[in-house]
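This report concerns only the one structure given below.
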Number of protein chains: 2
Amino acid sequence: MELSCRTEYALLALLELAGHYPQQEPLQIKQIAAQQQIPERYLEQLLATLRRGGFVQSQRGAKGGYLLIQEPWKITLFDVVNCLEGTEHQKKEPLVETVESAVVEEIWQDVCGSVREVLKRYTLQDLSDKRDSRRQMNIMYYI
Amino acid sequence: MELSCRTEYALLALLELAGHYPQQEPLQIKQIAAQQQIPERYLEQLLATLRRGGFVQSQRGAKGGYLLIQEPWKITLFDVVNCLEGTEHQKKEPLVETVESAVVEEIWQDVCGSVREVLKRYTLQDLSDKRDSRRQMNIMYYI
DNA sequence: AGTATACCCCTATTCCCCACTGGGGTTTGC
DNA sequence: GCAAACCCCAGTGGGGAATAGGGGTATACT
């Protein structure tokens, strides 16, 4: 498990979509990328992953784009991380396989469980709220 | 923060040393490496890090080797991880620096704090005990 | 004193994965 | 029909982790 750049990007994209929820018109990759400053072609792949994960729906062709199809307050951070960091492109066999390492493995599970707990506590909605308040704070700084 | 191969190796080496605690004679890299199946030259570097971290003491020259200089029940997993994954060879600036990403940053701190909590709960002694009981279980399986 | 042993330090080399790019296809609205 | 926009798959490159190597230094033992 890791919180890498892909997850960061995906969260930003989801936040952008959540800002328009519920949507009538789909949002395009190009717009999301520009708004959140994410490389376009890279974001394309991440959105494909999010689509397969059931978070967004795509609409092809002209005037197409992406729609958020889950309620922002029901999407936890854990869901997103799990979708992006799990399977599909993950081949790394992290640790050596010895009898002794099984001990560390057990504790590693404990750690992972704890992380999952924390991540499950935050929803996309929470993030969206925090972003807004943070922005106000930034404005206050500048005044 | 990550639990990578270096940490795994270091923990195995410390466990090996803890198995002989308190030591009269130092343990040599070659022996630890053979016992725990760790590349010798790599382990050498990790032990140097552990030495600088104050976990072990080295004795140079013939009949030299390493001595554990902290009590196994006082060394927490957090201490070890912190020693190996922190500073000294860590240049990665993980995430992009935008206003929005600060939000994720905050939650990331929350996650890290939680992980630290868990890691602080385990000492080298705990690991050593677990390993022993695990071995007994393995024997039971084979009978 | 000399020699073998074993740590010490610094520097390649190898390998792999993440972040990112590119090309060519297919679907859809106008 | 044509342009907009998603889709899929295959590549590139930069960096870091794991590892190997060379040459140095300290120490025990004879």
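First the proteins, then the strands, lettered A, B, ... as listed; each starts at 1. Heavy atoms only: backbone and side chains are in, while hydrogens, waters and symmetry mates are out.
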- Which of dC7(D), dT21(C), dA18(D) is nearest the side chain of Y42(A)? It is dT21(C)
- Message: What I want to check is whether the side chains of Q36(B) and E16(B) have a donor and an acceptor closer together than 3.5 Å.
- Response: yes
- Specify the separation, in whole Å, of atom CG of L17(A) and atom P of dC6(D). 11 Å
- Task: Starting from the C-alpha separation in whole Å, work towards a yes-or-no answer on side chain to side chain contact (heavy atoms under 4.5 Å, CB included) for L11(B) and L77(B).
- Result: CA-CA 8 Å; L11(B) 279 173; L77(B) 231 65; 3.8 Å; yes
- Task: Look at the side chain of E44(B) against the base of dC9(C) and say whether a donor-acceptor pair falls under 3.5 Å; ignore hydrogens and angles.
- Result: yes
- Message: Let's go through K120(A) and E117(A) carefully: what are the C-alpha distance in whole Å and the side-chain angles of both, what is the deciding distance for salt bridge (Lys or Arg N to Asp or Glu O under 4.0 Å) to 0.1 Å, and is it a yes or a no?
- Response: CA-CA 5 Å; K120(A) 281 178 183 169; E117(A) 288 297 311; 5.1 Å; no
- Item | Which nucleotide in dC20(C), dA28(D), dG22(C) has an atom nearest any side-chain atom of R41(A) | dG22(C)
- To the nearest Å, give me how far apart CD (Q31(A)) and C1' (dC6(D)) are. 14 Å
- Query: Could you state the CD1-C1' distance from I38(A) to dC18(C), rounded to the nearest angstrom?
  - Reply: 16 Å
- Item | Nearest-Å distance for atom pair CG/C1', residues L43(B) and dA17(D) | 16 Å
- Message: Applying a 4.0 Å non-hydrogen cut-off, can you work out what L47(A) is touching in the nucleic acid: base, sugar-phosphate, or nothing?
- Response: nothing
- Item | Between dA5(D) (P) and L67(A) (CG): distance, integer Å | 14 Å
- Given dA20(D), dA6(C), dC7(D), which nucleotide is nearest the side-chain atoms of K30(B)? dA6(C)
- Using only side-chain N and O atoms of R60(A), determine if any of them is under 4.0 Å from OP1 or OP2 of dA3(D). no
- Find out if a path of hydrophobic residues (ILVMFWY) with successive side-chain heavy-atom gaps under 4.5 Å connects F78(B) to V115(B). yes
- Item | Distance, rounded to the nearest Å, where Y9(A) contributes OH and dC18(C) contributes C1' | 11 Å
- Considering only dG29(C), dA19(C), dT27(D), which nucleotide approaches the side chain of A62(B) most closely? dT27(D)
- Between E40(B) (CD) and dA20(D) (P), how many Å, whole number? 10 Å
- Message: Nearest 0.5 Å, please: how far is CG in L27(B) from CG in L17(B)?
- Response: 5.5 Å
- Using whole Å, report how far CD of E25(A) lies from C1' of dG29(C). 12 Å
- Residue Y66(B), side-chain heavy atoms: nucleotide from dC8(D), dC8(C), dA20(D) that is nearest: dC8(C)
- Query: When all nucleic acid strands are considered with a 4.0 Å heavy-atom cut-off, which category describes Q59(B): base, sugar-phosphate, or nothing?
  - Reply: sugar-phosphate
- N or O in side chain of S58(B) less than 4.0 angstrom from dC8(C) OP1/OP2: yes
- Of A48(A) and G64(A), the one whose nearest nucleotide on DNA chain D sits closer to the 5' end is G64(A)
